[in-house]
Amino acid sequence: MQYWLLKSEPGVYSFERLMREKQRRTGWECVRNYQARNFMRDAMQPGDGVLFYHSSSEPPGVAGIARVVRTNLVDPTQFAADSEYFDPKSKREDPTWRMVEIEGLTACEPFVPLSLLRAEAGLRGMAVLQKGQRLSVQPVRPEEWKIVLKLGGIRADPLPKGHK
DNA sequence: GCCAACGTTGGC
DNA sequence: GCCAACGTTGGC
């Protein structure tokens, strides 16, 4: 079991919106980056933990946590001709873009702003804090997961203890 | 709005 | 396969 950080602009899709979805679930559509695609296709597993990160917002930071429900699903937006995420090169029989389904679990209370993540010694190596890191799907270490939950006031980790 | 960092595109 | 040009991300 592994942990991940997923970025979303709250103006486009927020953690609050996820929590209002039927079953609190949504397909993580519209990712158009190969490295992120590969994580969703090859590495993520049902049951993995997700830090839901709000980017391009004031302030940016972790809004809540979720879990991975299903992985390596076909992103339908690549075939939607009227979508800005339409990919004319993608083939039905071999779709280029994949997604995962996630389920919202718990909001951070309080919200964990980026500035607080930066101030935390134990998070120095966290991917989202590294200069130039723009990837929208990032692996998170178990220690980092634990620290962020603590900062976000989530006392009881809702996910089963991971083991390597 | 700025701009550094990074990814993608396309000519050669 | 190189790499310049261009587009995007995302914090500030």
Side-chain angles (χ1 to χ4, degrees), chain A residues 2-21 26-44 48-66 68 71-102 104 106-141 143-154:
Chain A
Q2 291 178 271
Y3 302 97
W4 305 92
L5 179 145
L6 298 187
K7 288 184 193 172
S8 182
E9 299 187 20
V12 177
Y13 193 94
S14 67
F15 184 75
E16 293 69 29
R17 173 132 167 237
L18 172 64
M19 295 301 270
R20 288 195 305 266
E21 300 279 6
T26 195
W28 205 247
E29 299 176 339
C30 305
V31 175
R32 295 292 180 271
N33 170 282
Y34 287 102
Q35 210 179 332
R37 188 276 310 268
N38 294 346
F39 279 139
M40 294 194 291
R41 188 187 60 186
D42 307 326
M44 294 175 84
D48 283 358
V50 171
L51 299 176
F52 196 113
Y53 182 88
H54 282 177
S55 63
S56 294
S57 64
E58 188 49 52
V62 178
I65 63 171
V68 175
T71 65
N72 194 21
L73 302 169
V74 174
D75 179 345
T77 63
Q78 68 196 305
F79 300 120
D82 58 342
S83 167
E84 65 173 300
Y85 293 96
F86 176 62
D87 182 352
K89 287 181 289 188
S90 183
K91 303 273 172 278
R92 293 261 179 195
E93 61 275 18
D94 183 24
T96 305
W97 304 110
R98 311 305 171 91
M99 64 178 191
V100 294
E101 184 183 41
I102 63 169
T106 312
C108 288
E109 188 54 47
F111 179 86
V112 184
L114 177 58
S115 58
L116 196 57
L117 298 178
R118 288 200 191 286
E120 194 66 31
L123 298 180
R124 290 265 163 73
M126 197 173 177
V128 74
L129 304 183
Q130 305 312 305
K131 190 173 178 180
Q133 182 55 266
R134 318 183 305 185
L135 200 58
S136 65
V137 178
Q138 305 180 354
V140 170
R141 299 187 185 100
E143 320 84 85
E144 296 166 347
W145 170 265
K146 218 179 285 184
I147 293 171
V148 175
L149 259 59
K150 194 173 188 180
L151 294 174
I154 301 172

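So you know, we letter chains A, B, ... as the sequences are listed, proteins then strands, and number each from 1. From a predicted model like this one, the values you see are computed outputs, not experimental measurements.
A:Tyr53 pairs by the ring-ring contact (aromatic ring centres under 6.0 Å, His included) definition with nothing, not counting sequence neighbours. A:Ser90 meets the side chain to side chain donor-acceptor pair (under 3.5 Å) test with A:Gln78, A:Thr96; sequence neighbours excluded. With sequence neighbours excluded, no residue forms a ring-ring contact (aromatic ring centres under 6.0 Å, His included) with A:Tyr85. For A:Arg17, there are no side chain to side chain donor-acceptor pair (under 3.5 Å) partners, not counting sequence neighbours.
For the side-chain hydrogen bond (donor to acceptor under 3.5 Å, both in side chains) condition, no pair includes a residue of residues 111-137 of chain A, sequence neighbours left out. Screening residues 29-38 of chain A for salt bridge (charged side-chain N to carboxylate O under 4.0 Å, His left out) gives A:Arg32-A:Asp75 as the qualifying pairs, with residues at least two apart or on separate chains.
Taking the six-membered ring where the residue is Trp, the centroids of A:Phe52 and A:Trp4 are separated by 6.0 Å or more.
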Contact state string [nucleotides 1-9 of chain B, B base, S sugar-phosphate only, - no protein heavy atom under 4.0 Å]: ----BBSSS
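A heavy atom lying under 4.0 Å from DNA chain C marks the following residues of residues 108-119 of chain A, by number: A:Leu114, A:Arg118.
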Listing, residues 54-63 of chain A side-chain donor-acceptor contacts under 3.5 Å, not counting sequence neighbours, or none:
| from | atom 1 | to | atom 2 | distance (Å) |
| --- | --- | --- | --- | --- |
| A:His54 | NE2 | A:Phe15 | N | 3.0 |
| A:Ser57 | OG | A:Pro59 | O | 3.2 |

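Summarising the geometry, the separation between CD on A:Glu9 and P on C:dG10 is reported as 7 Å, rounded to the nearest angstrom. A straight line from NZ of A:Lys7 to C1' of C:dG11 spans 10 Å, rounded to a whole angstrom.
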